[in-house]
Amino acid sequence: MRLVPLLCLTCTLTACGNSYQGFSNDIVTRHTHWDTPEPRSGDLTEKELEMATIAWKYFENNYQESTGLVNAVNNYPSVTWWDASSYLAGMVSALEFGIIKREEFDRRFTKFITTLNTLDLFMGELPNKAYNTQNAAKVDYANQPGEIGYSALDLGRLLIWLHIVKHRFPQYASAIDSAVLRWNFCNVVDKNGTMFGALLEPGKPVQYLQEGRLGYEEYAAKGFELWGFNTDQALMPEPYATINMYGYDIPYDTRDPRKLKAHSYVVTESYVLDGIELGWDVTSDKSAHDDDYSHEWIADFALQIYRVQERRYHETGIITARTEHQLAGAPYFVYDTIYTDGFAWNTISEAGEFLPQYAAVAIKGAMGMWVLWDTEYTDLLFEHVSNVYDRDKGFYEGIFENGTGLINTFTSNNNGILLEILLYKKQGKLLQYQDKTAPSLWDKALKNPFEYQSQCLPKQLASQ
């Protein structure tokens, strides 16, 4: 089978020279106010609580007592900070559901934050992309000792979850702040608010490369912004265009992967995480959960991502919930997209290889759409995935679209996100603020002109 590129492009912003503000108001009026299904809310049903309990089983099986870290993939002692953040999400959710008691939460989180306060950083700057979960040593993606760089996207997600934990459990604020105050931010966010990852390859100097594409970039940028950093450039939707698919204008990042060595994936995960964790709000919006989404264009883009997948099902009969997912064998990880590299419904490896046989209904994608949009289609998604588990291991990664069965692997990311999706149903937006009684350690550090001078903390960045 050969992919045929979709050619019906609707230009926006950069291509047309329009400002986003005028464009977004029209879209929000057209879609958000009258055409947006309500999210699901309320106490968990007996079935949903059972699902949460089974998802937590993954974290019981893969917890490493020596470090407080959890394996990213079942029985494989390595983790990235994106996966570690999903563990934090799962742990908070398990506590809120009564699956674990407060004593266990305290024990687990204390171990985790102790490790974060003591582990070796990449080049003394920021946490390395991957660590061995048994000894907290820096490793490469083959779990061999060594450092390989850092991911701004992974660290942005970690900063979101540290912020959530800090405000839900203020007794841990100082330990969390101490861990983040070890970091040097000079190379990860520049004065324009652009995010950079670090790449270290054998025999080469460190490369600092702009990181993030539409959806993921804005989500991770909010993590840095929550801690006071300027991420204005990363939070802009440009450069992007839209492609009309089944009557919906689907936004995609127009940066060229051939030049920048990074593909632009249109998938569900980042939009779901922004919705359940941050309520599709701007970070300055500290209001409680509501349906007045202050980050309007993100909420609208998320709606289009949902609607086109629903429409694909109605047009083709293919149950659709697309996002990146793990595999049980090589290439081990694919981006299962709505659109990428000029093609619709394109499933590719990180190297860009076309792998349609690995297209799947991702559990976290299906459940994310289920909780954020209460419709007949998401009822169908729930029925399709809600029993896709092994009671002793957690939820499988997904179900292949081509009918060949389940993705026979279990991950921290999938099970952690499933738990936080269910917590969103019970509580709404997961970032919740409490009245502050005193400045935090982080607040004091930002006001101190004598300490941390070489680490490019927010006010120092702003003055450069």
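Note that this is a predicted model, so its numbers are computed, not measured.
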Considering only heavy atoms from C-beta outward, does the side chain of [X] approach that of [Y] to under 4.5 Å?
X: Pro37; Y: Arg307; answer: yes
X: Glu324; Y: Tyr265; answer: no
X: Tyr271; Y: Leu273; answer: no
X: Leu116; Y: Leu162; answer: yes
X: Trp297; Y: Pro237; answer: yes
X: Ile160; Y: Tyr219; answer: yes
X: Asn128; Y: Ile148; answer: yes
X: Val371; Y: Phe382; answer: no

Could you label the plane-to-plane angle of the [X] and [Y] rings as parallel, tilted or perpendicular, counting under 30° as parallel and over 60° as perpendicular?
X: Phe224; Y: Phe185; answer: perpendicular
X: Phe410; Y: Tyr396; answer: tilted
X: Phe395; Y: Tyr389; answer: perpendicular
X: His163; Y: His167; answer: tilted
X: Tyr208; Y: Tyr150; answer: tilted
X: Tyr377; Y: His314; answer: tilted
X: Phe105; Y: Phe109; answer: parallel

Query - Full working for salt bridge (charged side-chain N to carboxylate O under 4.0 Å, His left out) between Arg168 and Glu96 - result: CA-CA 11 Å; Arg168 282 177 172 258; Glu96 296 289 354; 3.0 Å; yes
Closest approach of [X] to [Y] (non-hydrogen atoms, all atoms of both residues):
X: Pro251; Y: Val266; value: O-CG2, 3.5 Å
X: Thr268; Y: Gln309; value: OG1-NE2, 3.0 Å
X: Tyr433; Y: Thr283; value: OH-O, 4.3 Å
X: Thr378; Y: Trp373; value: OG1-O, 2.6 Å
X: Val70; Y: Phe59; value: CG1-CD2, 3.8 Å
X: Ala234; Y: Ala221; value: CB-CB, 3.8 Å

Query raised in the report: Are Glu104 and Lys101 close enough for a salt bridge, meaning some N to O gap below 4.0 Å?
Result: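 Answer for the salt bridge query: no.
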Requested in this report: Could you walk me through whether Ser287 and Asp285 pass the side-chain hydrogen bond (donor to acceptor under 3.5 Å, both in side chains) test, one step at a time?
Outcome: CA-CA 6 Å; Ser287 62; Asp285 181 355; 2.5 Å; yes
Query raised in the report: Do Arg108's NZ or CZ and the ring of Tyr63 fall within the cation-pi criteria of under 6.0 Å and 45°?
Result: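 Because its charged atom sits under 6.0 Å from the ring centre and within 45° of the axis, Arg108 does stack over Tyr63.
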Report task. Could you walk me through whether Lys57 and Glu60 pass the salt bridge (charged side-chain N to carboxylate O under 4.0 Å, His left out) test, one step at a time? Result -> CA-CA 5 Å; Lys57 190 69 177 177; Glu60 292 180 343; 3.5 Å; yes
How about [X] and [Y]: are their ring centroids closer than 6.0 Å?
X: His289; Y: Tyr424; value: yes
X: Trp81; Y: Tyr131; value: yes
X: Phe301; Y: Tyr240; value: yes

Donor-acceptor check, side chain of [X] to backbone of [Y], threshold 3.5 angstrom: yes or no?
X: Ser86; Y: Ile417; answer: no
X: Gln326; Y: Tyr332; answer: yes
X: Arg255; Y: Ser264; answer: no
X: Asp374; Y: Arg40; answer: no
X: Asn230; Y: Lys191; answer: yes
X: Gln210; Y: Gly212; answer: yes
X: Glu397; Y: His325; answer: no
X: Thr133; Y: Leu69; answer: no

Query raised in the report: For the salt bridge (Lys or Arg N to Asp or Glu O under 4.0 Å) test, which of Glu269, Glu420, Glu217 pairs with Arg157?
Result: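 Exactly one pass, corresponding to Glu420.
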**Report entry** Counterpart residues, salt bridge (charged side-chain N to carboxylate O under 4.0 Å, His left out), relative to Lys393 (two or more places apart)
**Finding:**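 Expected list: none.
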Query raised in the report: For residues Tyr306 and Thr375, is any side-chain donor paired with an opposing acceptor at under 3.5 Å?
Result: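 Side chains of Tyr306 and Thr375: pair found under 3.5 Å.
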Report task. Scan side-chain atoms only and decide if Thr404 and Asn402 contain a donor-acceptor pair under the 3.5 Å cut-off. Result ->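 Side-chain D/A pair, Thr404 to Asn402: present.
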Query raised in the report: Considering the options Asn132, Asn61, Thr411, Asn62, which one meets the side chain to side chain donor-acceptor pair (under 3.5 Å) requirement together with Asn71?
Result: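 So, applying the side chain to side chain donor-acceptor pair (under 3.5 Å) to Asn71 and each of Asn132, Asn61, Thr411, Asn62, only Asn62 qualifies.
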Query - Residues, nucleotides or ligands: over 12 heavy atoms within 6.0 Å of Glu46 CD - result: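 12 or below, so no.
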Distance from [X] atom [atom1] to [Y] atom [atom2], nearest 0.5 Å?
X: Gln427; Y: Ser93; atom1: CD; atom2: OG; answer: 8.0 Å
X: Thr45; Y: Lys425; atom1: OG1; atom2: NZ; answer: 5.5 Å
X: Thr320; Y: Leu381; atom1: OG1; atom2: CG; answer: 8.5 Å
X: Phe229; Y: Asp190; atom1: CZ; atom2: CG; answer: 12.5 Å
X: Leu303; Y: Tyr293; atom1: CG; atom2: OH; answer: 9.5 Å
X: Glu225; Y: Leu235; atom1: CD; atom2: CG; answer: 5.0 Å

Requested in this report: Using the side-chain contact (heavy atoms from CB on, under 4.5 Å) rule, take Ile305 and Ile338 through it: C-alpha gap first, then chi angles, then the decisive distance, then the call.
Outcome: CA-CA 8 Å; Ile305 296 301; Ile338 295 162; 3.5 Å; yes
Query - Residue pairs, two or more places apart or on separate chains, that pass salt bridge (Lys or Arg N to Asp or Glu O under 4.0 Å) and touch residues 71-87 - result: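 Residue pairs with at least one partner in residues 71-87: there are none.
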Requested in this report: Would you mind listing every salt bridge (Lys or Arg N to Asp or Glu O under 4.0 Å) that reaches into residues 325-352, with sequence neighbours excluded?
Outcome: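 Output for this query lists Arg322-Asp336.
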Requested in this report: Walk me through it: do Arg312 and Ile318 pass the test side-chain contact (heavy atoms from CB on, under 4.5 Å)?
Outcome: CA-CA 7 Å; Arg312 182 181 186 237; Ile318 301 171; 3.6 Å; yes
**Report entry** Trace of the side-chain hydrogen bond (donor to acceptor under 3.5 Å, both in side chains) decision for Thr337 with Asn346
**Finding:** CA-CA 5 Å; Thr337 76; Asn346 191 4; 5.3 Å; no
